[in-house]
Amino acid sequence: MQEVQPPKKPMAFYYILVLAVMLLFNEMARPYFDQAQIEQVDYGTFMDMTENQQISQVEIKDNQILFTGKEDNKKYKTGLVNDPELVDRLHASGAQFNQDIKEETSPIVSFFLAWILPLIIFFAIGQYFSRKLMERGGGNGMLFGMGSNQAKIYVPSSEGIHFKDVAGEDEAKENLSEIVDYLHNPKKYSSIGAQMPKGVLLVGPPGTGKTMLAKAVAGEADVPFFSIAGSEFVEMFVGMGASKVRDLFKQAKEKAPCIVFIDEIDAIGQKRNGANMGNDEREQTLNQLLTEMDGFEGNNGVIILAATNRPDSLDPALLRPGRFDRRVPVELPDLKGREAILEVHGKKVHLADDVDFHTIARMAAGASGAELANIVNEGALRAVRQGRDLVTQSDLEESVEVVIAGYQKKNAILSDKEKHTVAYHEIGHALVAALQSHSAPVQKITIIPRTSGALGYTMQVEQKDQYILTKEELENKIATFTGGRAAEEVKFGQVSTGAANDIEQATKLARSMITRYGMSEDFDMVAMETVTNRYLGGDTSLACSAATQDAIDKQVVALVRAQHEKAKQLLSDNLDKLDELAGYLYEKETITGGEFMRILKGEETVAEAEAEDEAEETAAASHQDDEPHKYNLA
Ligand code: ADP
């Protein structure tokens with residue numbers, strides 16, 4: 001898609017304008033400059049020069065006398081003095097002299113100069129400025145563009161976005177391809193009496209490609225694309241937003257068939273309830289939008305796509321049939337989708353042969369399309385930083401970590417004791433995860449501090465997408481969260497602040513199990529909490545009595561405590577492995593899932609693992625000197 005810009009004036013126009021202004025200035029300012037160059041003398045000098053016959057020409061003006069010296073031919077001026085004998089003296093000196101003749105101006109001309117000309121000048125200046133303001137306001141006479149729409153207009157172009165550029169999201173594409181088909185061939189639908197939906201609402205978390213999909217619909221259908229954000233309608237003055245809506249629809253109808261895309265429609269489409277009372281501007285804008293959507297008859301070819309990540313906050317009137325009656329979910333990509341998105345973005349960079357998008361997609365569980373695009377770009381930037389011209393697998397792996405946990409902190413120095421604690425903490429997580437058969441294998445463990453504040457982390461990787469989890473699996477997850485703290489307790493007999501994030505996550509999971517998943521005996525299948533903001537963090541609101549809340553809290557504590565005890569038991573039963581692995585991690589700072597599992601299963605002692613690692617490093621160094629770790633992926 002190419003954005004359409006208003007036509008520009010040719011450069012010659014500006015050159016001529018500047019030239020005209022300069023000429024005018026020159027004409028007007030010259031007399032003043034000329035005057036400034038004439039030397040001023042006192043009247044006595046003028047009298048002396050007259051008597052000595054040193055003057056050739058004299059010009060008597062209203063308030064001054066201009067004269068020219070005979071010898072130096074220089075111009076002088078002096079003030080006018082009441083001197084009745086001046087004429088006699090000048091005559092006697094032989095100088096040429098005269099007085100300014102005042103032209104009799106006709107009364108019509110003087111009236112014109114005094115009254116009409118200033119009016120014309122003011123009118124012209126006014127016209128000029130109002131034209132300028134109109135140009136900025138989109139040409140409908142609104143002051144500074146208020147009330148006019150500022151939608152960006154795109155027309156189809158060869159490099160437009162198509163469905164093939166949007167990876168994954170097959171359901172959404174299938175849904176939208178009907179719209180494309182309609183725009184190509186409206187008769188097919190009208191002949192049978194079918195009507196296309198006027199509005200399609202794309203809902204999903206941020207960065208999942210909603211804007212891209214809307215552009216792709218326009219690209220596929222080869223029609224113009226108007227794009228505007230919901231917040232652009234909200235103006236300072238009541239009625240301006242509504243006027244923008246009118247203006248947008250007027251333009252869209254002129255260009256029909258076309259696509260109008262309203263991003264973040266919740267900015268204007270929020271529920272009109274008591275809480276919003278008083279915001280007349282937003283309400284009027286919404287009303288106008290509703291009216292416009294009702295207004296266009298059956299099939300005039302304007303399809304409105306809108307995106308939001310808060311569908312539950314939208315006004316029901318906006319969602320009723322005849323307005324945004326079709327809802328297309330654009331969800332976070334699954335494993336296959338993530339791989340496809342990485343491949344699409346991977347085409348834009350030069351990749352080394354060792355790149356395996358499947359592994360990267362597995363590592364980046366839960367990432368949105370925008371984050372995956374960012375991962376590829378971060379990888380490319382890392383390759384440039386290290387002076388390479390190909391993006392390697394380790395670049396991409398590192399950039400997944402950058403996106404998850406931030407950059408490595410170069411100068412964070414942990415004390416020896418802290419480093420030991422972090423090593424035990426991280427191995428605690430990994431060991432508890434590995435010892436419970438249902439937990440996902442560990443991909444990587446590191447104790448290199450990151451800019452996000454994490455001193456170390458254990459990256460777990462799901463082998464495949466899991467859509468449902470059993471109660472046991474969830475309990476195991478909680479045990480894994482508590483594993484870090486449990487390792488510190490088992491080894492050092494004391495606790496540290498390092499587990500704050502684990503505690504938060506374990507609690508959240510335990511609470512959901514009890515209040516939402518019906519996994520407690522006491523509450524059976526009763527929902528105690530509802531999710532209010534599904535796509536933005538999943539906030540919940542409690543829906544139960546204070547006494548029940550009390551009971552919930554007690555159950556959450558009991559659930560987490562039981563798993564914490566389980567983790568401690570597992571670790572104290574495997575204390576030798578915990579010591580061995582923590583010691584190895586302390587030395588190496590980053591270990592892979594493969595190394596971890598080999599040592600755990602006793603297939604390899606630490607000494608062997610180190611020897612193997614060294615051999616690998618030497619092999620890697622012969623290819624690339626600057627690679628600190630050669631990951632050995634499980
Ligand atoms: P949203 O409107 O849902 O917030 P965008 O459509 O603006 O997200 O997507 C932001 C960026 O993320 C896009 O420019 C694109 O690079 C990338 N992206 C998101 N989803 C996809 C996808 N399914 N396929 C390819 N790229 C994607």
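Numbering of ligands and ligand atoms starts at 1, following listing order.
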Visitor: Give the residue and atom name of whichever protein heavy atom lies nearest to atom 10 (C) of ligand 1, and the separation in Å to one decimal.
Guide: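 Going by distance alone, atom 10 (C) of ligand 1 is nearest to A370 CB, 4.0 Å.
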Visitor: When you compare ligand 1 with K210, is there at least one nitrogen or oxygen pair between them that comes in under 3.5 angstrom?
Guide: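 Yes, at least one N or O pair falls under 3.5 Å.
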Visitor: Can you name the atoms of ligand 1, numbered from 1 with element, that are less than 4.0 Å from a heavy atom of D165?
Guide: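 Close to D165: 24 (N), 25 (C).
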Visitor: Can you measure from NE2 (H345) to CG (D165) and round to the nearest 0.5 angstrom?
Guide: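 So the NE2 of H345 and the CG of D165 are separated by 9.0 Å.
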Visitor: For ligand 1 and A373, I'd like to know whether there is a polar contact (N/O to N/O, distance under 3.5 Å).
Guide: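 Min N/O separation from ligand 1 is not below 3.5 Å for A373.
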Visitor: Give the residue, atom name and distance (to 0.1 Å) of the protein heavy atom nearest atom 18 (N) of ligand 1.
Guide: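 Closest protein heavy atom to atom 18 (N) of ligand 1: G369 C, 3.7 Å.
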Visitor: Regarding E378 and S399, is there a side-chain donor-to-acceptor distance under 3.5 Å anywhere?
Guide: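 No.
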Visitor: Heavy atoms only, cut-off 4.0 Å: how does D263 contact ligand 1, side chain, backbone, both, or neither?
Guide: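 Near ligand 1, D263 shows nothing, with every heavy atom at 4.0 Å or more.
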Visitor: Give the residue and atom name of whichever protein heavy atom lies nearest to atom 26 (N) of ligand 1, and the separation in Å to one decimal.
Guide: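 Of the protein heavy atoms, H345 NE2, 2.8 Å lies nearest.
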Visitor: So, 4.0 Å and heavy atoms of G207: is ligand 1 close enough to count as a contact?
Guide: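 The answer is yes, since G207 has a heavy atom less than 4.0 Å from ligand 1.
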Visitor: Look only at interatomic distance and state if V344 has a nitrogen or oxygen under 3.5 Å from any nitrogen or oxygen of ligand 1.
Guide: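 So ligand 1 has no N or O lying under 3.5 Å from an N or O of V344.
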Visitor: Distance to 0.1 Å, residue and atom name: give those for the protein heavy atom nearest to atom 2 (O) of ligand 1.
Guide: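 The answer is T211 OG1, 2.6 Å.
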Visitor: Report the nearest protein non-hydrogen atom to atom 27 (C) of ligand 1: residue, atom name, distance rounded to 0.1 Å.
Guide: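 Looking only at protein heavy atoms, the one closest to atom 27 (C) of ligand 1 is M212 SD, 3.5 Å.
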Visitor: Between R385, R388, Q386, which is the residue that forms a side chain to side chain donor-acceptor pair (under 3.5 Å) with D395?
Guide: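 Testing D395 for a side chain to side chain donor-acceptor pair (under 3.5 Å) against R385, R388, Q386 leaves exactly one candidate, R388.
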Visitor: What residue and heavy atom of the protein are closest to atom 8 (O) of ligand 1, and at what distance?
Guide: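 Its nearest protein heavy-atom neighbour is G209 N, 3.3 Å.
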Visitor: Side chains of Q505 and N501: donor-acceptor distance under 3.5 Å anywhere?
Guide: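 There is such a pair (donor and acceptor under 3.5 Å, judged by atom type) between the side chains of Q505 and N501.
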Visitor: Would you mind telling me if ligand 1 is within reach of the side chain of I341, the backbone, both or neither, using heavy atoms under 4.0 Å?
Guide: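 I341 to ligand 1: side-chain contact only, backbone stays beyond 4.0 Å.
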Visitor: I want to check something: taking the side chain as every heavy atom from C-beta on, are E178 and Y189 in contact at a cut-off of under 4.5 Å?
Guide: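 When only atoms from C-beta onward are counted, Y189 and E178 do touch, with a gap below 4.5 Å.
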Visitor: Return yes when atom NE2 of H350 has more than 12 non-hydrogen atoms of other residues, nucleotides or ligands closer than 6.0 Å, and no otherwise.
Guide: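 Incorrect, the count does not exceed 12.
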Visitor: Parallel, tilted or perpendicular for F261 and F225, by the 30°/60° rule?
Guide: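 F261 and F225: parallel rings.
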Visitor: Polar contacts were defined as any N/O atom of the residue lying under 3.5 Å from an N/O atom of the ligand; does this apply to E169 and ligand 1?
Guide: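 For ligand 1, there is no N or O atom that lies under 3.5 Å from one belonging to E169.
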Visitor: Atoms of ligand 1 less than 4.0 Å from A167 heavy atoms?
Guide: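 Counting from 1, the qualifying ligand atoms are 22 (C), 23 (N), 24 (N), 25 (C).
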Visitor: Check whether any side-chain heavy atom of I375 sits under 4.5 Å from a side-chain heavy atom of L372, and report yes or no.
Guide: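 SC-SC contact between I375 and L372 confirmed.
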Visitor: Give yes if a backbone or side-chain nitrogen or oxygen of V166 is under 3.5 Å from a nitrogen or oxygen of ligand 1, and no if not.
Guide: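 Between V166 and ligand 1, no N or O pair is found under 3.5 Å apart.
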Visitor: Closest approach of L351 and G346, non-hydrogen atoms and distance?
Guide: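 L351 and G346 have their closest heavy atoms at CD1-O, 3.7 Å.
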Visitor: Kindly indicate whether the side chain of D356, heavy atoms from C-beta on, has any atom under 4.5 Å from the side chain of Q393.
Guide: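 Counting from C-beta outward, D356 and Q393 do come under 4.5 Å.
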